[in-house]
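Data first, discussion second: the structure below is written as structure tokens.
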Amino acid sequence: MKNKQSMVKQKKRILLGAIVLFLGVFILSFFLGKYPIAMNDFFRAVLNKMIPLKQTWSSQVETILFKIRFPRIIMAVVIGSGISVAGATYQALFQNQMISQDILGASQGAAFGAAIGLFFSLRYEQVISLSFTFGLLAVGAVLMINRWLRSHSVLTIVLIGMMIGSLFSSAVSFLKLVGDPTNTLPAITYWLMGSLSAIKMQDLHFAVPLILAGMVPIFLLRWRLNIISLGEEEALSLGVNSGQLRVLLIIAATLITAAAVSVSGLIGWVGLIVPHASRLLIGNDHRYSIPVTAILGGTFLLVVDDVSRLVSTSEIPIGILTSFIGAPVFLILIAKNSRSMRE
């Protein structure tokens, strides 16, 4: 009993530590960028939104804080948290720690939707809407094909997802091939790299409610992920309809992924490495690992976005950085995990 209590206390300490780390990175991010902001100006400008103060800071500081850095920082946190939770959900549903949030083709479908919008030079809002819609359609096609095949195999769903994702990736390649090499091709290529440099307040109004709407059911049902990760037969013996639960959680994770990709482009590795890091820190109990995954995911993507803003005069697309950082970090996590299993 005492052992169990001490483990719970340790998990709560890890959760508290993750929150403190996140808050530190979150506040620091407002000061980072090409235009330096004094600490006094920052706090007075923020307080002025709640309590009217005499303005001692320039209007430029206020514009940079609230119209440029604020939406970008919030979006980095929400997208990082969302795709990390979606990745952890898929890993539990399919009982495979080597998959991420794009396993069922949501990211590839969203990429195709955005590519269509850019190919026809549609407005920014239309590109986002098409991207989100095709992200949902991709996973919808996976579920429909699986239902048509009447398969209850997890492997079958994954294979269908890979097939659908491959089709959409090929379609994007075709649009790049036939598109205008002066305007269309660079636009599609840059979008596929993933970036938060163009984030505006309207993107927050579109994506944040959708991502949160997907995260809420996952948080509420995270204890059932412990049951479903045991396997089909064990879940049924405990009175859990794993089929219905799997579909519900797939829809929730797809909503997160499609909404995130539609405003940021393709950002890889986050939904793969962050759940691994969370499990190493706090264990496999999803009641604790899902909240830690959300916090670490938001922190990680925020740090990467800060780096993208600082390392060069022209911003490095965030998708490139997550790949550079994610690949070696993932290798380290695998090594630690295999070492702990041997011990």
Side-chain angles (χ1 to χ4, degrees), residues 18 21-22 25 29 75-111 135 158 161-162 165-166 168-170 172-173 176 188-197 253 256-257 260-261 264-282 284 289 292-312 314-342:
L21 174 65
F22 163 72
V25 173
S29 297
M75 190 59 79
V77 170
V78 174
I79 289 176
S81 297
I83 59 179
S84 298
V85 168
T89 302
Y90 277 131
Q91 289 171 11
L93 289 177
F94 301 129
Q95 301 164 47
N96 188 334
Q97 297 181 2
M98 297 298 156
I99 63 177
S100 60
Q101 78 284 351
D102 54 3
I103 190 64
L104 297 186
S107 296
Q108 295 88 341
V158 172
M162 292 173 65
S166 178
F168 277 116
S169 294
S170 299
V172 171
S173 297
K176 290 168 69 177
I188 294 175
T189 302
Y190 185 79
W191 189 93
L192 292 173
M193 291 179 185
S195 176
L196 297 175
S197 60
I256 294 169
T257 306
V261 173
S264 69
L266 296 179
I267 298 176
W269 289 95
V270 180
L272 183 61
I273 64 170
V274 173
H276 272 274
S278 176
R279 281 190 294 269
L280 281 175
L281 280 174
I282 209 163
N284 293 319
S289 66
V292 171
T293 297
I295 296 166
L296 291 181
T299 306
F300 175 71
L301 197 60
L302 195 51
V303 169
V304 174
D305 187 50
D306 289 342
V307 172
S308 77
R309 289 190 280 150
L310 295 172
V311 292
S312 67
S314 59
E315 286 191 19
I316 298 176
I318 197 169
I320 294 176
L321 284 177
T322 55
S323 297
F324 269 121
I325 298 169
V329 168
F330 186 58
L331 184 61
I332 293 168
L333 291 174
I334 290 174
K336 284 187 176 181
N337 193 37
S338 57
R339 195 179 301 123
S340 63
M341 286 177 71
R342 285 196 303 268

*Can you see which heavy atom on S197 is nearest to which on Y190, and at what distance?*
OG-OH, 3.6 Å
*If you take all heavy atoms of A76 and L196, which pair is closest and at what distance?*
CB-CD1, 3.6 Å
_Closest non-hydrogen atom pair, S264 against I267_ = OG-CD1, 3.6 Å
*With side chain to side chain contact (heavy atoms under 4.5 Å, CB included) as the test, would you mind laying out the steps for Q101 and T89 before giving the verdict?*
CA-CA 8 Å; Q101 78 284 351; T89 302; over 6 Å; no
*Checking side chain to side chain contact (heavy atoms under 4.5 Å, CB included) for the pair F94/L104: CA distance, chi angles, key distance, verdict?*
CA-CA 11 Å; F94 301 129; L104 297 186; 4.1 Å; yes
_How long is the straight-line distance from CG of L192 back to CD of Q108, given to the nearest 0.5 Å?_
10.5 Å
*What distance separates M193 CE from I316 CD1, expressed to the nearest 0.5 Å?*
11.0 Å
_Closest heavy-atom pair and its distance - G297, S84_ = CA-OG, 3.2 Å
*Spell out, as yes or no, whether a donor-acceptor pair under 3.5 Å connects the side chain of S170 to the backbone of S166.*
yes
*At their closest point, which heavy atom of G80 faces which heavy atom of V270, and how far apart are they?*
O-CG1, 4.1 Å
_A side-chain contact here means heavy atoms from C-beta on lying under 4.5 Å apart; do K176 and T189 qualify?_
yes
*asked:* I need the I103 CD1 to N96 CG distance, nearest 0.5 Å.
replied: 8.0 Å
_If I take atom CD1 from residue I256 and atom CD1 from residue I83, how far apart are they, to the nearest 0.5 angstrom?_
10.0 Å
_Verdict with reasoning, M75 to D305, per side chain to side chain contact (heavy atoms under 4.5 Å, CB included)_ = CA-CA 10 Å; M75 190 59 79; D305 187 50; over 6 Å; no
*Please report the closest heavy-atom contact between N284 and Q97, naming both atoms and the distance.*
OD1-NE2, 4.4 Å
*Can any side-chain N or O of S81 pair as donor or acceptor with the backbone N or O of V77 at less than 3.5 Å?*
yes
*Passes side chain to side chain contact (heavy atoms under 4.5 Å, CB included), I318 versus L301? Steps please.*
CA-CA 9 Å; I318 197 169; L301 197 60; 3.6 Å; yes
*asked:* Donor-acceptor pair, distance only, cut-off 3.5 Å: does the side chain of T293 make one with the backbone of P275?
replied: no
*To the nearest 0.5 Å, how far apart are CD1 in I320 and CD1 in I325?*
12.0 Å
*Would you check if the side chain of S100 reaches a backbone N or O of G271 as a donor-acceptor pair within less than 3.5 Å?*
no
_How long is the straight-line distance from OG of S29 back to CG of L302, given to the nearest 0.5 Å?_
3.5 Å
*Main-chain N/O of A88 paired with R279 side-chain donor or acceptor, under 3.5 Å*: no
